[in-house]
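Just so it is clear, the model here is predicted, and its values are computed rather than measured. In what follows, every chain begins at residue 1, and chains take the letters A, B, ... in the order their sequences are listed.
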Protein chains: 2
Amino acid sequence: MRQQDWSTVRALPLFRDMSEENFAALMNAAFLQRFPAHVSLIAEGDLPDFLHIVVEGSVELFARHDGQETTLDIVRPVTTFILAAVIRDEVYLKSARTLSPAQILMVPARTVREVFGRDAAFARAMVNELADRYRGFVRALKNEKLRTSTERLANWILQEDRHQGGTRTIALDIDKRKLASRLGMTPENLSRNLAQLAAHGVRSSGRGIEIKDVAALADFAKPNTLLDG
Amino acid sequence: MRQQDWSTVRALPLFRDMSEENFAALMNAAFLQRFPAHVSLIAEGDLPDFLHIVVEGSVELFARHDGQETTLDIVRPVTTFILAAVIRDEVYLKSARTLSPAQILMVPARTVREVFGRDAAFARAMVNELADRYRGFVRALKNEKLRTSTERLANWILQEDRHQGGTRTIALDIDKRKLASRLGMTPENLSRNLAQLAAHGVRSSGRGIEIKDVAALADFAKPNTLLDG
DNA sequence: ACGTAGACTTGATAAAGATCAAGTTTCGAT
DNA sequence: ATCGAAACTTGATCTTTATCAAGTCTACGT
């Protein structure tokens, strides 16, 4: 990877505090790869070859079992993924595919583990990163076990609105079937749940969702920082 | 805490590789506390005061939302819990209570963070620990999203049998209502699901579960290392 | 040993969610 | 602009899970 492209990656909490030398060691071993949309990046069950960092585009993390498939997360720039598998050198628990054309920075797993062994600042940053991700999954499990599908959707809308700047107008950049899978429901039920939320201040048409009445929506959704982050 | 009690804790992967001096710093600040059964240890939403280590007895990690409660994990000796909250100094996402009389080693959170800052081996061990826990929650979420409640029970039986030594006779040491909550179902449905599994080689009576036909049970359960660990 | 509270089971019913089957809309390719 | 495939919606039905309501069992304290 060329040096002028390093800065955004260097700015990530995971790499911010490590030594210049060790960061260079990671980047020199890494390469930036372009992928078209809907291409498989990694498959659950395989051993990790690379630490992946989404630099551009979006990536779906999903898992299959017994003919079913579910979306576990959708990763956007600039974020690492499958860090836990790389550091433990154990098989991936998730598969990954591009949702859009994407640029992925790929750092050889061995290099990551080597640098991890000699750079204490990197090790400490990794602890913070993993602890944060861990908490994300705790929240996801609570969300799944303690809410109905309509409530999950309502809270997703509130959260997504905040991420998109709080304009109360959300533009979907993924298929609704993907959103349904991420929220743990079928596409059919996402449709019905959206229709249901009309009674709680939500208007939707095509790829747009509009919050007409935040108070009413929040009243129904019962957002909770211990579940929604 | 007295020095003769340190050895089992010192043997944990999390503490094994750190310097003698820093381990002593942790232990000298720590104290071993006895609790009766059914006592609250921590409450979600609070800021962490201590890293907890179950030395004896069993502890339930659970969460509440909107009048509902769900069990997230049951922790047995010798294991740390709420590590992620301690290291990030952020509010607990889970509550904890004793299920039986228990001994808990409590290490002040500040001490843990201090030692973490200066002992690289501890930081690296923490990465491994957190990565492992992270993967546990990924599996839990997959288990929840990709299986029916009866399948979750069937796989729990297979797994618990392995943990108890593969004798095909499981002795429950927790209430069935707790097990139901851990597996994401109501007590009523746990009863019905157990009855259902009679058709797949499982006999149960009171606190005992017997696997009469492992092949039949496995055939129904479809165990998968990417979900069950 | 007895009594009682709580745990467990079982049945009936309701709610939530999935599946099946049309239709309709959207969007990209020609 | 048109066509066709895929995405989306809506309705009907079925499965899964939760809730309500008895009952039975179990374990513990007196």
Side-chain angles (χ1 to χ4, degrees), chain A residues 36-38 60 65-71 97 99-101 143-156 170-200 202-209 220-222, chain B residues 36-38 60 65-71 99-101 143-156 170-200 202-209 220-221:
Chain A
H38 310 296
E60 178 192 14
H65 171 72
D66 193 28
Q68 295 273 113
E69 180 179 312
T70 192
T71 303
R97 65 165 78 97
L99 287 179
S100 66
N143 193 33
E144 198 66 34
K145 286 183 84 173
L146 291 167
R147 282 187 176 138
T148 65
S149 64
T150 317
E151 287 172 339
R152 290 196 296 275
L153 173 60
N155 281 290
W156 179 87
I170 296 168
L172 276 179
D173 70 335
I174 54 170
D175 286 351
K176 282 186 178 166
R177 46 177 49 259
K178 283 280 168 260
L179 178 60
S181 176
R182 235 228 55 188
L183 294 175
M185 63 187 82
T186 57
E188 290 95 328
N189 279 332
L190 175 59
S191 266
R192 280 187 263 267
N193 286 335
L194 261 177
Q196 260 207 275
L197 288 184
H200 303 282
V202 175
R203 211 92 338 164
S204 88
S205 67
R207 302 219 131 195
I209 296 176
F220 173 82
K222 299 185 209 74
Chain B
H38 311 296
E60 177 190 14
H65 172 72
D66 193 30
Q68 295 272 114
E69 178 179 314
T70 192
T71 303
L99 288 179
S100 66
N143 192 33
E144 200 65 33
K145 285 182 85 173
L146 291 167
R147 282 186 176 139
T148 65
S149 64
T150 317
E151 287 172 338
R152 290 197 295 277
L153 173 61
N155 282 288
W156 179 86
I170 296 168
L172 275 180
D173 70 337
I174 55 170
D175 284 351
K176 281 186 178 167
R177 47 177 48 256
K178 283 281 167 256
L179 178 60
S181 176
R182 235 227 55 188
L183 294 174
M185 63 187 82
T186 57
E188 290 95 328
N189 279 332
L190 175 58
S191 265
R192 281 187 262 269
N193 286 333
L194 262 176
Q196 260 207 278
L197 289 183
H200 302 283
V202 175
R203 210 90 341 160
S204 89
S205 67
R207 303 219 129 193
I209 297 176
F220 172 83

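- Distance CG (A/Leu179) to P (D/dA7): 15 Å, rounded to an integer number of Å.
- In this structure, A/Lys176 reaches the D/dT9 phosphate: one of its side-chain N or O atoms is under 4.0 Å from OP1 or OP2.
- Residues that satisfy the ring pair (Phe, Tyr, Trp, His ring centres under 6.0 Å) test with B/His200, not counting sequence neighbours, are B/Phe220.
- With rounding to whole Å, B/Leu194 atom CG is found 11 Å from C/dC8 atom C1'.
- Side-chain atoms of A/Glu188 stay outside donor-acceptor range of the base of D/dC8, with no qualifying N/O pair under 3.5 Å.
- Proximity of B/Glu60 to B/Ile174: side-chain heavy atoms (C-beta onward) are nowhere separated by under 4.5 Å.
- Residue whose closest nucleotide on DNA chain C sits further toward the 5' end, between B/Ser191 and A/Arg207: B/Ser191.
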* Take A/Ser149 and A/Asn193, measure what side-chain hydrogen bond (donor to acceptor under 3.5 Å, both in side chains) needs, and give me the verdict at the end. => CA-CA 8 Å; A/Ser149 64; A/Asn193 286 335; 3.1 Å; yes

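- By the 4.5 Å heavy-atom criterion applied to side chains, A/Arg152 and A/Glu144 are counted as neighbours.
- Between the P atom of D/dA7 and the CG atom of A/Leu99 lies a distance of 12 Å, rounded to the nearest Å.
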Find every protein N or O atom lying less than 3.5 Å from an N or O atom of nucleotides 15-18 of chain C, and list the pairs.
residue : atom : partner  : partner atom : Å
C/dG17  : OP1  : A/Ser149 : N            : 2.9
C/dG17  : OP2  : A/Ser149 : OG           : 2.9
C/dA18  : OP2  : A/Thr186 : N            : 3.4
C/dA18  : OP2  : A/Asn189 : ND2          : 3.0
C/dA18  : N7   : A/Asn189 : ND2          : 3.4

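- Rounded to an integer number of Å, the gap from A/Lys178 NZ to D/dA6 P is 14 Å.
- Rounding to whole angstrom units, NE2 of residue A/His38 and P of D/dA5 are separated by 18 Å.
- Per the geometry, CZ belonging to B/Arg177 stands 11 Å off P belonging to C/dG6, to the nearest Å.
- Atom CD of B/Gln196 is separated from atom C1' of C/dG11 by 15 Å (rounded to the nearest Å).
- With rounding to whole Å, A/Leu172 atom CG is found 10 Å from D/dT9 atom P.
- No side-chain donor-acceptor contact under 3.5 Å links B/Lys176 to the backbone of B/Glu188.
- Side chain of B/Arg203 to backbone of B/Ala198: a donor-acceptor contact under 3.5 angstrom is found.
- Separating the CD atom in A/Gln196 from the CG atom in A/Leu153 is a distance of 9.5 Å, to the nearest 0.5 Å.
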